[in-house]
Amino acid sequence: MKYWLMKSEPDVFGIDDLEAAPRSTTAWDGVRNYQARNMLRDEFQRGDLAFLYHSSCKEPGIAGVIEVVRPGYPDPSALDRKSPYFDPQSDKQSPRWYSVDVKLDRRIDPPITLKELREHQRGALKDMLLLRRGNRLSVTPVTAKEWNFILGMR
DNA sequence: GCCAACGTTGGC
DNA sequence: GCCAACGTTGGC
């Protein structure tokens, strides 16, 4: 089993939206970066856990734990002409983009802020990808050590 | 295959 | 709104 961190803008889709979704489950679609795509397609497994991270908002931080309930499958939004994530270059035969389905496991209240995480940037979280300068990947792996340490912060 | 221009991300 | 960092595009 692996651990991940998945970014989302709460103004677009946040933990409240996930909780309100049917069975608190949603398709994690719209990822349009090859590195992230490869992880969704090749590495995500049912039962993996991920932090839901709120980005581009007032208090960026980890707002909850989510579980992968369906591993990588072709992202339907890439083929949906009406979707904002539609990609005319993708096609059904050789899908370019992938999604996974995730379910809310539990909220982290209050969220563990980026500020708090940064307090450990020289210590337990010194290798955490999220905290790396210039990191823009919306899906990143988290080590078991980092995972447990961060959960211990609440 | 190089690399400049451009677009996007995301914290501040 | 600014801007650093980085990915992508496209001309050559």
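Predicted model, so just to flag it, every value in this text is computed and none were measured. Quick note on labels: first sequence line is chain A, next is B, and so on, each numbered from 1. Side-chain atoms are counted along with the backbone in the values below, which use heavy atoms only and exclude waters and symmetry mates.
Within the structure, salt bridge (Lys or Arg N to Asp or Glu O under 4.0 Å) contacts touching residues 44-73 of chain A (residues at least two apart or in different chains) do not occur. For residues 86-100 of chain A, the set of pairs meeting the salt bridge (Lys or Arg N to Asp or Glu O under 4.0 Å) definition, not counting sequence neighbours, comprises A:Asp87-A:Arg96. Sorted by first and then second residue, the salt bridge (Lys or Arg N to Asp or Glu O under 4.0 Å) pairs with a member in residues 141-154 of chain A read A:Glu116-A:Arg154; sequence neighbours excluded.
Scanning for side chain to side chain donor-acceptor pair (under 3.5 Å) contacts around A:Asp29 gives an empty result, with sequence neighbours left out. By the side chain to side chain donor-acceptor pair (under 3.5 Å) test, A:Glu19 pairs with A:Arg107, sequence neighbours left out.
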Letter per nucleotide, 5' to 3', of nucleotides 6-12 of chain B [B base touched, S only sugar-phosphate touched, - untouched; heavy atoms, 4.0 Å]: -BBBBSS

